[in-house]
Amino acid sequence: MRRCRYVYLDLGSNKGVQIRKLYEPWLYPEGKILQFYDKIFGKVRYHSRRDVCTFGFEANPRHMKRLKYVEKRYKSYDINVTFFNNAVSNISSESVTIYSDTNFDIDWGSGIHSSLIDNKTNMTIYEVQTIDIVKFFAENIVPLKPEYVFAKMDIEGSEFIVLPHMLKGGLLCDHAISSMVLEMHDRVREEFQSDLSFATLKERLKDQACTPTTIHDLDDETYTGDVSFEPCEEESETYNTF
């Protein structure tokens with residue numbers, strides 16, 4: 001089995017639930033994203049997806065202790081998962097302000113605009129470094145020569161900055177990112193002074209001199225509280241987990 005036969009690019013990892021769904025799908029039977037994982041990477045019943053290398057990006061530093069635990073756990077099973085505490089952007093090493101809900105249990109709306117935080121009196125502010133996703137892709141993903149790259153983007157409005165940059169950088173072609181699931185945060189579009197929507201994105205994808213990335217409108221909010229890290233013995237035996 002070739003190392004990094006596939007790559008999963010998780011843009012906006014939050015607490016890491018979507019990545020756990022990739023490697024432990026039996027714990028998340030109602031997960032909406034599972035249909036994409038099964039179609040692209042094959043059903044996990046027969047293997048543990050060690051040929052899928054995952055790169056996750058999360059701007060909210062409060063999630064990093066948990067994410068690094070997830071990373072260490074999977075690497076102990078020889079599964080290549082790496083998380084970065086960066087805001088995905090069109091430029092690297094720029095300091096940006098991240099607004100987050102102070103209540104960790106409902107901390108699902110952090111971003112570079114405070115609009116998605118309803119209770120401004122219960123808001124925490126962080127300074128985080130950006131990362132140029134086009135440059136990262138060229139330096140870290142291209143050398144792996146994966147057969148297929150699947151991406152998930154949920155970056156709380158920053159897609160209005162990042163998607164045009166990815167278009168310009170050639171990432172939204174199927175020879176780069178083969179397919180993607182995307183949540184577009186329409187309520188902050190004006191704050192980013194963007195006219196981008198699923199309709200305009202579709203038109204711009206067609207204007208490229210390549211076969212475009214297949215993009216699906218999906219926001220999988222199942223299991224936001226996550227589940228236990230340890231599957232029961234029966235599930236472990238049935239699915240040959242790791």
Side-chain angles (χ1 to χ4, degrees), residues 3-4 6-34 36-37 41 44 47-88 96 98-111 124-131 133 136 140-141 144 149-156 158 181 183 219-242:
R3 190 72 163 162
C4 296
Y6 306 105
V7 166
Y8 179 38
L9 198 57
D10 189 32
L11 309 178
S13 295
N14 201 272
K15 299 176 183 179
V17 178
Q18 307 306 337
I19 290 175
R20 292 199 65 209
K21 289 175 185 175
L22 171 65
Y23 295 109
E24 302 173 87
W26 52 89
L27 299 178
Y28 307 89
E30 304 301 320
K32 295 179 182 178
I33 201 169
L34 298 189
F36 296 98
Y37 294 161
F41 306 124
V44 78
H47 60 84
S48 55
R49 291 177 175 156
R50 286 191 178 91
D51 54 355
V52 183
C53 294
T54 292
F55 300 88
F57 297 85
E58 175 52 44
N60 190 339
R62 195 158 43 157
H63 293 314
M64 290 312 296
K65 182 178 179 180
R66 174 188 171 87
L67 291 176
K68 285 299 180 180
Y69 171 79
V70 172
E71 175 184 309
K72 181 179 179 180
R73 180 172 179 268
Y74 283 135
K75 285 185 175 178
S76 73
Y77 294 117
D78 196 31
I79 294 173
N80 195 336
V81 175
T82 307
F83 289 105
F84 301 88
N85 183 201
N86 295 102
V88 177
V96 294
I98 298 295
Y99 300 90
S100 166
D101 197 304
T102 299
N103 185 337
F104 187 87
D105 291 333
I106 61 172
D107 192 358
W108 286 87
S110 59
T124 305
I125 298 174
Y126 303 101
E127 292 296 317
V128 180
Q129 295 292 299
T130 61
I131 191 165
I133 194 60
F136 178 90
N140 297 274
I141 308 300
L144 298 175
V149 178
F150 177 63
K152 183 220 81 186
M153 180 180 290
D154 183 2
I155 50 177
E156 306 301 324
S158 290
V181 292
E183 179 185 3
D219 176 24
D220 184 358
E221 293 188 349
T222 60
Y223 304 95
T224 55
D226 208 356
V227 299
S228 169
F229 277 98
E230 297 299 331
C232 70
E233 291 182 2
E234 179 181 353
E235 287 167 331
S236 180
E237 293 171 358
T238 302
Y239 292 100
N240 189 25
T241 56
F242 295 107

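Electrostatic pairing of Arg66 and Glu58 does not count as a salt bridge here, judged by no charged N lying under 4.0 Å from a carboxylate O. Between Lys152 and Asp220 there is no salt bridge, since no side-chain N of the basic residue sits under 4.0 Å from a carboxylate O of the acidic one.
If you take CG on Asp219 and CD1 on Ile33, they are separated by 10.0 Å, rounding to the nearest 0.5 Å. Residue Asn14 holds its CG atom at 7.5 Å from CD of Glu156, rounded to the nearest 0.5 Å. Taken to the nearest 0.5 Å, the CZ atom of Phe55 stands 11.0 Å off from the CD1 atom of Ile19. Taking NZ of Lys68 as the reference point, atom CZ of Phe83 lies at 8.5 Å (rounded to 0.5 Å). Here the straight-line distance linking atom CZ of Phe57 with atom CE of Met153 works out to 11.0 Å at 0.5 Å rounding. Separating the CD1 atom in Ile155 from the CG atom in Asp10 is a distance of 11.0 Å, to the nearest 0.5 Å.
Taking both residues in full, the closest heavy atoms of Tyr23 and Val52 are given as OH-O, 2.6 Å, listed atom of the first, atom of the second, then distance. Across all non-hydrogen atoms, the minimal contact from Lys75 to Asn80 is CE-OD1, 4.3 Å. Listed here is the closest heavy atom pair of Ser13 and Gly56: OG-CA, 3.4 Å. Heavy-atom minimum distance, Leu27 versus Ser228: CD1-O, 3.8 Å. When all heavy atoms of Thr222 and Gly31 are compared, the pair lying nearest together is OG1-CA, 3.4 Å. For the pair Ala87 and Val96, the tightest heavy-atom approach, listed with the atom from each and the gap, is CB-CG2, 3.9 Å.
Within the 3.5 Å criterion, the main-chain N or O of Asp154 finds no donor-acceptor partner in the side chain of Glu183. Although no hydrogens or angles enter the test, the distance criterion places a donor-acceptor pair under 3.5 Å between the side chain of Tyr223 and the main chain of Glu30. When atom types are taken as modelled, the side chain of Arg50 and the backbone of Tyr77 share a donor-acceptor pair closer than 3.5 angstrom. In this structure a side-chain-to-backbone donor-acceptor pair under 3.5 Å is present from Asn85 to Ala59.
Under the side-chain hydrogen bond (donor to acceptor under 3.5 Å, both in side chains) rule, Tyr28 has a single partner from Gln18, Lys21, Arg20, which is Arg20.
Phe36 and Phe150 have parallel rings, their planes meeting at less than 30° on a 0 to 90° scale where 60° marks the start of perpendicular.
Between Val17 and Thr224, the closest side-chain pair of non-hydrogen atoms is not below 4.5 Å. By the 4.5 Å heavy-atom criterion applied to side chains, Tyr8 and Val81 are not counted as neighbours. In this structure the side chain of Ser158 never reaches within 4.5 angstrom of the side chain of Val88, judged on heavy atoms. Looking at Tyr37 and Arg49, their side chains come closer than 4.5 Å, going by heavy atoms from C-beta outward.
If you check the side chains of Tyr74 and Thr54, you find no donor sitting under 3.5 Å from an acceptor.
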Take Asn86 and Phe136, measure what side chain to side chain contact (heavy atoms under 4.5 Å, CB included) needs, and give me the verdict at the end.
CA-CA 12 Å; Asn86 295 102; Phe136 178 90; over 6 Å; no
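Annotation: Phe229 is in aromatic contact with Tyr69 [ring centroid separation under 6.0 Å].
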